[in-house]
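Only one structure is covered here, and it is reproduced in the block below.
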There are 2 protein chains.
Amino acid sequence: MEEYLDAIFCEDCVEGMRRRLPDACIDVIVTSPPYNIGVRYNTHQDNLPFDEYLDWMEELARECRRVLKEDGSFFFNIGDRPSDELRSLQVAQRVCRHFHLQNTIHWVKSIAAPQEGVNMGHYKPVNSPRYLNNAHEYIFHFTKSGAVAVDKLAIGVPYQDKSNIGRWKSATQDLRDRGNTWYIPYETVTGAKPHPAAFPDRLPEMCIRLHGLGQDDPLVVLDPFMGTGTTAAAARRLGCRYVGFEMDPHYVEIARARLG
Amino acid sequence: MEEYLDAIFCEDCVEGMRRRLPDACIDVIVTSPPYNIGVRYNTHQDNLPFDEYLDWMEELARECRRVLKEDGSFFFNIGDRPSDELRSLQVAQRVCRHFHLQNTIHWVKSIAAPQEGVNMGHYKPVNSPRYLNNAHEYIFHFTKSGAVAVDKLAIGVPYQDKSNIGRWKSATQDLRDRGNTWYIPYETVTGAKPHPAAFPDRLPEMCIRLHGLGQDDPLVVLDPFMGTGTTAAAARRLGCRYVGFEMDPHYVEIARARLG
DNA sequence: TCGGCGCTTGAATCGACGT
DNA sequence: AACGTCGATTCAAGCGCCG
């Protein structure tokens, strides 16, 4: 029983979830599906016709809904290419057939405010006279009811106006809501990247902490597109259990080594 | 002839544009239409059924296309309420019936990176256990062709790695592409705000400069929902001509005073 | 044949990182 | 500091297909 805990399965996630996961067993899902923009994965042909991609994402969403607990959170990371910037929103609309979009988080990789002497983050530039560099991706926070309470202060930031500390009964410490704009820089990895599309370690960590770690049993965290195991590693750092699916045996090997 | 230059008309914008503006006379449009989220304007009932609102925005877009030059830019600011975060994207999709979405700019009002000692901007917090504070709005950059060259360095920021200066023929100064995440803080207004939904002065200014000021004749800048004249004031600061429409005579009065 | 459209392929360019 | 490398890059040329 519960053989799926702390396991990574080398198989298709939708099939695997159907076969292995009972209803309502997962607290948090954090994932970044293939963006379907022609990236060459080893095992996955990443250029389906867009309609088929949408159908696939919807099937994934349906299965995620089934395995998620009633007050669970489903964090879905997706970005756009400059030439088609409404694509990720169409995906979100499609997932909304099965979930409520409770929060839209803007992952900001780079931002500058020269007047304030701020110039942070980095990105790979695009060479184009018409497109601005894209320093943004979405993290959609889907829930079943749209009304799941989250732990905003778990990822809080210090007050700017310190006089607010202690002003309300909830303001017991120097922490305020971070808002929905999250600055998370890319980790700089040069040399051969093991996976073309890994997100930073802090991203799943912040998602899990925002959902709330609870006091009782450890959370169970799922990533249907586990890649090299960033989500699972974050889950374990935070004392959670994890489940992962990944088609590519090479990535599975890396993930297992990282966790083992 | 050209009686519309440097004028603000107190009338409905779609009708006014039809009556007064010839084809292809405008270089840049910067506007923030009523969001239709129940803000109480004096003259405008801001809670149409959503379908009718979409129809209205489409009519606006059609008229904007007509008056815009072939290589003109249409900057469309819109934000979301936390409980319906795909709304602005539906509006964008609708406008896409008449325009190409060339860039999606993310207006970030507040962002924090405690590790780097950055904690900037401000917002009106929402008191909710489920919604993060919304510190984000969209600025959609629509064009007729989708291939209008823009002046990215006109709103550039300093290089982080100064060794890149002079490295390529275009890198003649310490300026690089800012990207599509723009930090623009709200101006803090204490006391009664004259307009419930004015954007910061720097917002239209950056849009106009991104489009490019050109070398020859001054640009003509249009704001169909002029409000208290923020866009017109920015246009004039930059040496451009302006045209504005605004239904509310009180706002028109303020705008004219500001420009007169 | 000519020309438009779609897919493929190679060139070019930028900013950050590493040597 | 200078330079080589690399892209969930874009862009335009080139080719085949079809009307």
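FYI, side chains are in, hydrogens and waters are out, and symmetry mates aren't considered; it's all heavy atoms of this structure. Each chain gets a letter, A, B and so on, in the order the sequences are listed, and its residues count up from 1.
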Nucleotide [N], atom [atom2] - distance to [atom1] of [X] in whole Å:
X        : N      : atom1 : atom2 : answer
B/Leu175 : C/dC14 : CG    : C1'   : 15 Å
A/Asp84  : D/dT10 : CG    : C1'   : 14 Å
B/Trp168 : D/dC3  : CH2   : C1'   : 11 Å
A/Tyr186 : D/dA8  : OH    : P     : 7 Å
B/Ile165 : C/dC14 : CD1   : P     : 15 Å
A/Leu132 : C/dT13 : CG    : C1'   : 16 Å
A/Tyr131 : C/dT13 : OH    : C1'   : 16 Å
B/Asn103 : D/dT10 : CG    : C1'   : 13 Å

Exercise. Do the ring centers of B/Phe99 and B/Phe74 come within less than 6.0 Å of each other?
Worked result: yes
Exercise. When you compare D/dG4 with D/dA8, how far apart are their C1' atoms, in angstrom units rounded to a whole number?
Worked result: 23 Å
Exercise. D/dG7 and D/dC11: how far apart are their C1' atoms, nearest whole angstrom?
Worked result: 15 Å
Are the charged groups of [X] and [Y] less than 4.0 angstrom apart, N to O?
X        : Y        : answer
A/Arg258 : A/Asp201 : yes
B/Lys162 : B/Asp174 : yes
B/Glu63  : B/Arg66  : yes
A/Asp55  : A/Arg94  : yes

Should [X] be listed as having a side-chain N or O under 4.0 Å from OP1 or OP2 of [N]?
X        : N      : answer
A/Ser128 : D/dC11 : yes
B/Tyr159 : C/dG15 : yes
A/Asn133 : C/dG15 : no

Quick check for you: among [options], whose closest atom lies nearest to any side-chain atom of [X]?
X        : options               : value
B/Ser170 : C/dC14, D/dC11, D/dT9 : C/dC14
A/Tyr35  : C/dC14, C/dA16, D/dA8 : D/dA8
A/Asn127 : C/dA12, D/dC3, C/dG15 : C/dA12
A/Pro125 : D/dG7, C/dC17, D/dT9  : D/dG7
B/Arg167 : C/dG15, D/dC11, D/dC3 : D/dC3

Exercise. Which sits closer to the 5' end of DNA chain D, A/Ser32 or A/Pro129, going by the nucleotide each is nearest to?
Worked result: A/Ser32
Problem set entry | Contact nearer the 5' end of DNA chain D, comparing A/Pro82 with A/Lys124 | A/Lys124
For this session: For side chain to side chain contact (heavy atoms under 4.5 Å, CB included), just list the numbers for B/Lys109 and B/Tyr186, CA-CA rounded to whole Å, side-chain angles, deciding distance to a tenth of an Å, and then say yes or no.
Result: CA-CA 7 Å; B/Lys109 303 173 188 174; B/Tyr186 261 126; 3.6 Å; yes
Exercise. Starting at the 5' end of DNA chain C, what dot-bracket string do you get if Watson-Crick and G-U pairs under 3.5 Å are bracketed, crossing pairs use [ ], other-strand pairs use | and unpaired bases use dots?
Worked result: .|||||||||||.||||||
Problem set entry | Non-hydrogen side-chain atoms of A/Leu222 and A/Val28 separated by less than 4.5 Å | no
For this session: Step by step, work out the side chain to side chain contact (heavy atoms under 4.5 Å, CB included) result for B/Ile111 and B/Met120.
Result: CA-CA 6 Å; B/Ile111 196 160; B/Met120 57 191 189; 3.7 Å; yes
Exercise. Ignoring hydrogens and angles, does a donor from either the side chain of A/Ser110 or the base of C/dA16 sit under 3.5 Å from an acceptor on the other?
Worked result: no
Exercise. Is any side-chain N or O of A/Arg81 under 3.5 Å from a base N or O of D/dG7, one able to act as donor and the other as acceptor?
Worked result: no
